[in-house]
Amino acid sequence: MTNEDILELVKQCDIEDGKELVLNKAYLYNRKFRENRCGRIEYVEEEIIVLVESGVKVGGIYRMGFEDIHVVIEEKYRGRHILSNFLRTGILGEVWPENTSVKLCGVYSKVEYDKKRHLAELCHMSIKNEKEIEDRLAFLEECRRKYER
């Protein structure tokens, strides 16, 4: 799923139909989607947490099975600590205790890595691809130093 796909799911969720996790801030939805798998129609239940700020749906945490989560906040709401404030509550671990690790995507700088690692720590999740990211960032830093000479 892309960020846009998840934001589209967020838009489709009616706040009044969700299970309130944090008063006026976060709601859990269990949704069934029809999928065609190998020629058979199956109904797959998906879970998403919708984050809300001042009555506006601003992002979501999409559960990707027991293996991972996908988090997205609309760009205009980033930097307001909406996600970190939610993760500090510890509710994510209560709702999805099976999800204990996350794979970080879109990490191209040390600053971005530090932000995402901080969020993973807030929800007590390990980072599956930590070594890969650190190796890539070290390589990029080495290239930068060579280029500057």
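Numbers for residues simply follow the sequence, beginning at 1.
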- Query: Can Leu83 and Leu122 be said to form a side-chain contact (heavy atoms from CB on, under 4.5 Å), step by step?
  - Reply: CA-CA 10 Å; Leu83 181 59; Leu122 285 177; over 6 Å; no
Quick check for you: to the nearest 0.5 Å, what is the distance between [X] atom [atom1] and [Y] atom [atom2]?
| X | Y | atom1 | atom2 | result |
| --- | --- | --- | --- | --- |
| Cys105 | Ile133 | SG | CD1 | 8.0 Å |
| Ile73 | Glu75 | CD1 | CD | 12.0 Å |
| Ile48 | Ile69 | CD1 | CD1 | 11.5 Å |
| Leu23 | Lys25 | CG | NZ | 9.0 Å |
| Glu132 | Leu104 | CD | CG | 10.0 Å |
| Asp135 | Leu137 | CG | CG | 9.0 Å |

Hydrophobic cluster identity match, [X] and [Y], side-chain contacts under 4.5 Å:
| X | Y | answer |
| --- | --- | --- |
| Met125 | Phe86 | yes |
| Ile127 | Tyr62 | no |
| Val71 | Val56 | yes |
| Ile6 | Ile49 | no |
| Val22 | Val72 | no |

- Query: Between the side chain of Glu20 and the main-chain N/O of Asn24, is any donor-acceptor distance below 3.5 Å?
  - Reply: yes
- Message: Checking the side chain of Lys57 only, and the main-chain atoms of Cys13 only, is there a donor and an acceptor separated by less than 3.5 Å?
- Response: yes
- Message: Closer than 4.0 angstrom, basic N to acidic O: yes or no for Arg144 and Glu141?
- Response: yes
Taking all non-hydrogen atoms of both residues into account, name the closest pair between [X] and [Y] and its distance.
| X | Y | result |
| --- | --- | --- |
| Leu140 | Tyr108 | CD1-O, 4.1 Å |
| His70 | Asn3 | NE2-OD1, 2.6 Å |
| Ile82 | Glu53 | CG1-OE1, 3.8 Å |
| Ile15 | Tyr27 | CG2-CZ, 3.4 Å |
| Val10 | Gly59 | CG2-O, 3.6 Å |
| Leu87 | Leu119 | CD1-O, 3.6 Å |

Side-chain donor-acceptor distances from residues 90-103 under 3.5 Å, at least two apart:
| from | atom 1 | to | atom 2 | distance (Å) |
| --- | --- | --- | --- | --- |
| Trp96 | NE1 | Glu47 | OE1 | 3.0 |
| Glu98 | OE1 | Arg63 | NH2 | 2.7 |
| Asn99 | OD1 | Arg63 | NE | 2.9 |
| Asn99 | OD1 | Arg63 | NH2 | 3.1 |
| Asn99 | ND2 | Gly65 | O | 3.2 |
| Asn99 | ND2 | Asp68 | O | 3.2 |

Side-chain touch [X]/[Y], heavy atoms, less than 4.5 angstrom:
| X | Y | result |
| --- | --- | --- |
| Tyr29 | Leu9 | no |
| Arg117 | Glu134 | yes |
| His118 | Asp114 | no |
| Tyr77 | Leu51 | no |

- Query: Can you name the salt bridge (charged side-chain N to carboxylate O under 4.0 Å, His left out) partners of Lys76, sequence neighbours left out?
  - Reply: none
- Message: Among residues at least two apart in sequence or on other chains, which ones pass salt bridge (charged side-chain N to carboxylate O under 4.0 Å, His left out) with Lys19?
- Response: none
